[in-house]
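Here the structure is laid out as structure tokens; the discussion comes afterwards.
Nothing here was measured: the structure is a model prediction, and the numbers come from that model. Quick note: numbers below take in every heavy atom, side chains included, and nothing from hydrogens, waters or symmetry partners. We count residues from 1, following the sequence as given.
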Amino acid sequence: RSLMAKTDLTKSIMSRFDRLKTGRQNWETHWQEVADFMMPRKADVTKTRSRGDKRTERIFDSSPLQAVELLAASLHGMLTNPSTTWFTLRYKDAGLDADDEAKLWLESVTETMYTAFNRSNFQQEIFELYHDLITFGTAAMFIEEDTEDLLKFSTRHINEIYITENDKGRIDTVYRKFKITVRAAAQQFGNSISEEVNNLVNKDPYEEIDILHAVYPRNDFDPTKKDSSNMPFESVYMEYKNGNELSVSGFQEFPFVVPRYLKASHEIYGRSPAMTALPDVKMLNEMSKTTIKAAQKQVDPPLLVPDDGFLLPVRTVPGGLNFYRSGTRDRIEPLNIGANNPLGLNMEQQRRDSIREVFYVNQLMLQQGPQMTATEVIQRNEEKMRLLGPVLGRLQSELLKPLIDRTFAILLRNNQFAQAPEFLSGQDIEIEYVSPLAKAQKSTELSSITRAIEILGSLANVAPVFDYINFDALVKHVADLVGVPQKVLKLQSQVNAEREAQAQQAEQMEQMQQLQQVAKAGGDIAPLAKALPEEAKAVANAE
């Protein structure tokens, strides 16, 4: 074991990392300031804070913190709600949706994925990711395979993450610099640790060292080879201080999801609502500080004390006695500072309202009036969700799609899905988002369909307008828009069988009716037929 096992690979990684570090410097002071005022528990970007210390010394008004919490909770509830479905899978080839066997297999796959998400630590980590997204504008989550739960998610602090984009504007490279105890390093990397770290293992096992983890696309990837050293993405762990190479492996898919809330075209890191609100938040805190001082002066005012004739000290405690020379008119009087508290409070409220607007607080908190109907409540809910539509578009492509793709691939490799029917080989699967937020974006189309059916219904008495409607397609489309679970809908084969049975039953009924009519007609004819020979006989005798 050498003291510093530097390699050409780790040298090139360090060189690239230095460039990424330089490109991130401007953001760091911005992130620190935003965290100081709106996410103090994560205010460790340019400052090194001890764990467990109080971090609210710069905060005089907590409403911005509450606004961040509310928007994070709302995004969690509207995008990845644990109690409702937020995505389904479908085939790219629409014809396969009508095939029951294909449909049932895809349903079982979706259920397996939800089970895996719920068994893992996904919910707490995705909630943390929304906080980072709203505060810093950029968030990062590492998705890895786990021996117990199959999936393991970890949202990383922004101060650990350095990123760059590919030509399509997607994040495809993440360098992560983090601290780890030498004991944990020895457990994770075994004999690969440097002599320097190995010496510390027995001496001070809880000493922390910096590790650099780089994940980037492999330039010399060969798709025909299937081994750990030849994967689309290379993964390198190294000791940051001395460049010692700890491990080189790879990933089949990019293991990080790195969503940005909003992003300028020439920037790589995202911008956030918290950054938009920062000037107002800083001003609100200054105003609060000033208003508190003014209120203190009014409640416990400065005193005007004559320079002569009083025995000091002046006692301001309840029941305190102050002695002065008799015969003088001098008194201790409070200094009236003439503060206008209502003005200060009104100005503070204006700032609070402005901050609430940035974080959509008024839209997210449903202002329910006494006369609101159920329909109005639903419409208002949909409107507030449509406001977040632009954010949804970016989050679908940068968070949900890579997250679901990576999860699907891990479960597939671990043989968690049922055996797929042969005819599905080579078929592409797409993701459909059915979260409350995604459904709200589709509600306009649903309203159009409902309105059209109302109008056609009123015309149906005078013209056969419903001849133009494909009712099977209508039912399926409406079920998709509303997000009806597949398990409550009948299979196409079941519907066909029931229709066939109904048609046969109708045919049998018709045949029975025809037989009855024939029998009835036969019954009416019988007496006539009987009378005819008698009549013929009488005629013959007469002749």
*Name the orientation class of the two ring planes belonging to His76 and Phe127 (parallel below 30°, tilted from 30 to 60°, perpendicular beyond 60°).*
tilted
_Counting C-beta onward and ignoring hydrogens, is there a side-chain heavy-atom pair between Ile163 and Thr138 closer than 4.5 Å?_
yes
*Should Leu403 and Phe122 count as side-chain neighbours, where that means a heavy-atom distance under 4.5 Å?*
yes
*State, with a plain yes or no, whether a side-chain heavy atom of Leu399 is found less than 4.5 Å away from one of Ile126.*
yes
*Closest approach of Pro273 to Val358 (non-hydrogen atoms, all atoms of both residues)*: O-CG1, 3.2 Å
*Identified side chain to side chain donor-acceptor pair (under 3.5 Å) partner of Glu348 from the options Gln350, Arg352, Arg351*: Arg352
*Aromatic rings Phe142 and His213: how do their planes relate, parallel, tilted or perpendicular, breaks at 30° and 60°?*
perpendicular
*Should Leu89 and Met113 count as side-chain neighbours, where that means a heavy-atom distance under 4.5 Å?*
yes
*asked:* If I compare all heavy atoms of Phe359 with all of Ala277, which pair ends up nearest, and what's the gap?
replied: CE1-CB, 3.8 Å
*Once you round to the nearest 0.5 Å, how far does CG of Asn159 lie from NZ of Lys177?*
9.0 Å
_Nearest-0.5 Å distance, CD1 of residue Ile134 to CE of residue Met39_ = 7.5 Å
*Quick one: does NZ or CZ of Arg24 land under 6.0 Å from the six-membered ring centre of Tyr175, within 45 degrees of the ring axis?*
no
*Judged by modelled atom types alone, do Tyr360 and Ser74 share a side-chain donor-acceptor pair under 3.5 Å?*
no
*Does any N or O in the side chain of Tyr162 come within less than 3.5 Å of the main-chain N or O of Gly23, such that one atom is a donor and the other an acceptor?*
no
*Does a side-chain N-to-carboxylate-O contact under 4.0 Å join Arg260 and Glu267?*
no
*So, are Arg156 and Glu144 salt-bridged, with charged N and O less than 4.0 Å apart?*
no
*With Leu65 as reference, evaluate Ile59, Leu70, Val281 under the side-chain contact (heavy atoms from CB on, under 4.5 Å) test and give the passing residue.*
Ile59
_How close do Leu79 and Tyr130 get, counting heavy atoms only, and between which atoms?_
CB-OH, 3.5 Å
*Decide yes or no for Pro259 and Arg394: does some side-chain heavy atom of the first lie under 4.5 Å from some side-chain heavy atom of the second?*
no
_Trp31 and Tyr269 aromatic ring geometry - parallel, tilted or perpendicular at 30°/60° bounds_ = perpendicular
_Considering all heavy atoms, the nearest Ala418-Trp105 contact_ = O-NE1, 2.8 Å
*Is the ring centre of Phe87 less than 6.0 Å from the ring centre of Tyr433?*
no
*asked:* Distance check, rounded to the nearest 0.5 Å: Arg176 atom CZ versus Ser235 atom OG?
replied: 10.5 Å
*asked:* A side-chain contact here means heavy atoms from C-beta on lying under 4.5 Å apart; do Glu253 and Pro232 qualify?
replied: no
_Atom pair NZ/CZ of Lys263 and Arg271 - distance to nearest 0.5 Å_ = 11.0 Å
*Can you check whether Asp132's main-chain N or O pairs, donor with acceptor, with Thr135's side chain at less than 3.5 Å?*
no
_Under the rule for side-chain hydrogen bond (donor to acceptor under 3.5 Å, both in side chains), what residues qualify as partners of Tyr261, not counting sequence neighbours?_
none
*Please report the closest heavy-atom contact between Leu133 and Ser272, naming both atoms and the distance.*
O-CB, 3.6 Å
*Considering residues at least two apart in sequence or located in another chain, which fulfil the salt bridge (charged side-chain N to carboxylate O under 4.0 Å, His left out) criterion with Glu432?*
Arg90, Lys442
_Keeping Ser425 on the side-chain end and Glu422 on the backbone end, is there a donor-acceptor pair under 3.5 Å?_
no
_Looking at Arg119 and Glu148, would you say the former's side chain and the latter's main chain have a donor-acceptor pair under 3.5 Å?_
no
*Spell out, as yes or no, whether a donor-acceptor pair under 3.5 Å connects the side chain of Asn166 to the backbone of Gly169.*
yes
*Checking His157 side chain against Lys42 main chain: does a donor-acceptor pair fall under 3.5 Å?*
yes
_Checking the side chain of Glu125 only, and the main-chain atoms of Thr155 only, is there a donor and an acceptor separated by less than 3.5 Å?_
yes
*Taking the side chain from Asn81 and the backbone from Ser83, do they hold a donor-acceptor pair closer than 3.5 Å?*
yes
*asked:* Can you classify the ring geometry of Trp27 versus His30 as parallel (below 30°), tilted (30 to 60°) or perpendicular (above 60°)?
replied: parallel
_Using side-chain heavy atoms (C-beta onward) and a distance below 4.5 Å, is Val257 in contact with Arg406?_
no
*Could you tell me whether the side chains of Gln32 and Asp36 share a donor-acceptor contact shorter than 3.5 Å?*
yes
_Using only atom types and a distance under 3.5 Å, with no angle test, would you say the side chain of Asp61 pairs donor to acceptor with the backbone of Ser63?_
yes
*asked:* Donor-acceptor check, side chain of Thr110 to backbone of Leu106, threshold 3.5 angstrom: yes or no?
replied: yes
*With a 4.5 Å heavy-atom cut-off, do Arg170 and Glu398 have their side chains touching?*
no
*Give, for atom NZ of Lys92 and atom CD of Gln427, the distance between the pair rounded to the nearest 0.5 Å.*
10.5 Å
*Hey, what's the ring geometry for Phe117 with Trp86, parallel, tilted or perpendicular (30° and 60° as the breaks)?*
tilted
*Nearest heavy atoms of Ala43 and Ala35, plus distance in Å*: CA-CB, 3.7 Å
*State which residues pass ring-ring contact (aromatic ring centres under 6.0 Å, His included) with Tyr91; sequence neighbours excluded, sorted by chain then number.*
none
*What is the distance from atom OG1 of Thr164 to atom OH of Tyr216, rounded to the nearest 0.5 Å?*
14.0 Å
